[in-house]
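This report refers to the structure that appears directly beneath it.
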Amino acid sequence: MNPEKYVQDKAAASGSSFYYAFLFLPPPRRAAITAFYAFCREVDDVVDEVSDPNVAQAKLLWWRKEVAQAYAGQPSHPAMHALVPHAAAYGIEAGHLQAVIDGCQMDLEQTRYLDFAGLQKYCHLVAGVVGEVASAIFGRTEPATVEYAHKLGLALQLTNIIRDVGDDARRGRIYLPINELQRFDVKAHEVLNRGYSERFKALMKFQAERAHAFYDEAFALLPEADRRAQKPGLMMAHIYRTLLREIERENFQVLHQRISLTPLRKLWIAWRTHWQGR
Ligand SMILES: CC(C)=CCC/C(C)=C/CC/C(C)=C/COP(=O)(O)OP(=O)(O)O
């Protein structure tokens with residue numbers, strides 16, 4: 001299959017909240033972000049879809065070699081075929097892709113995070129570095145935009161973690177820092193059994209407020225000169241922040257359902273950001 005078609009299908013089929021943001025980009029940048037998204041999806045799918053951890057480890061090792069080979073001019077996977085031609089133009093380095101693989105590997109090897117510092121390391125690899133690459137593809141001229149992208153990636157990943165507490169619990173995973181569970185007197189087994197309580201709600205309120213603070217910090221870091229180019233990232237931010245507000249409105253009932261926005265609402269938010277420019 002033609003690699004461009006492969007990555008386009010992969011991105012569209014994912015039903016990602018972020019897909020709408022890509023639609024507003026000029027074709028070369030759109031092709032690059034679609035290829036990069038497909039790469040991230042492929043390695044993330046290894047963790048989510050392969051039930052035997054040894055098989056998943058072997059697949060991640062395959063991806064590490066594939067990245068090295070692709071940067072040496074010999075890609076074999078369609079996602080790498082599609083991505084490599086854009087690497088030089090947007091400064092996408094093998095190290096960025098290896099960092100994303102490191103994050104997925106962390107996910108395989110770890111089902112608990114003792115504190116926020118540990119969780120932040122994971123988020124940096126799977127979302128901060130992703131934001132760094134995405135911001136380069138969108139068009140970045142200022143060094144501060146890298147800081148913005150790291151913070152926004154963190155805010156998005158924290159939102160994703162808040163939304164998916166129930167799904168992750170079903171898979172035996174808790175991303176919420178263990179010392180914060182303790183602070184709110186929530187037991188790990190209560191989360192794993194998906195038992196809702198006022199204590200759980202208070203814990204989640206704390207998580208949501210921290211995510212909001214990271215969105216605010218990210219926006220404050222984005223230099224005026226890069227605002228226009230970074231609109232697709234702002235679209236992602238507004239879509240996910242609206243989702244976070246929806247979760248708050250539903251009192252953090254995230255244990256037995258995945259709260260989501262309708263495609264039309266996501267498209268509307270992307271559109272509005274496009275016109276308002278912020
Ligand atoms: C500066 C900048 C552009 C930063 C963006 C960084 C970024 C895209 C981080 C990804 C974090 C995240 C929550 C991914 C889930 O994607 P998903 O497609 O699985 O989401 P979904 O489950 O909501 O559809």
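In each ligand, atom 1 is the first atom listed, and ligand 1 is the first ligand listed.
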- Give a yes/no on ligand 1: does Y19 have at least one heavy atom closer than 4.0 angstrom to it? no

**Asked** Does the ring centre of Y6 sit less than 6.0 Å away from the ring centre of H77?
**Response** yes

### Modelled atom types, side-chain donor and acceptor of T111 and R173, under 3.5 Å
no

Checking heavy-atom distances from atom 22 (O) of ligand 1 to each of M235, Q230, M236, R163, the winner is R163

So ring pair (Phe, Tyr, Trp, His ring centres under 6.0 Å) across residues 239-258, not counting sequence neighbours, yields F18-Y240

Just checking, R41 and F36: is the charged tip under 6.0 Å from the six-membered ring centre and within 45° of the axis?
no

Q: Would you please indicate yes or no on a ring centroid separation below 6.0 angstrom for Y20 and W271?
A: no

Practice problem: May I ask you to check whether Y215 and H238 place their ring centres under 6.0 Å from each other? | Solution: no

Closest to atom 17 (P) of ligand 1 among protein heavy atoms sits R41 NH1, 3.7 Å

Contact region, A134 to ligand 1, non-hydrogen atoms below 4.0 Å, reads side chain

Going by the 4.0 angstrom heavy-atom rule, the piece of L156 near ligand 1 is both

Nearest heavy atom to atom 2 (C) of ligand 1, choosing from G131, S135, G15, S260, belongs to G131

min-distance protein heavy atom vs atom 11 (C) of ligand 1 -> Q157 OE1, 3.4 Å

Within the 4.0 Å heavy-atom cut-off, what E132 brings close to ligand 1 is neither

Min N/O separation Y37 to ligand 1 under 3.5 Å
yes

protein heavy-atom neighbour closest to atom 15 (C) of ligand 1 works out as N160 ND2, 3.6 Å

Closest to atom 3 (C) of ligand 1 among protein heavy atoms sits F138 CE1, 3.5 Å

The side-chain hydrogen bond (donor to acceptor under 3.5 Å, both in side chains) partners of T34 (sequence neighbours excluded) come to none

Centroid separation Y122 to Y175 less than 6.0 Å: yes

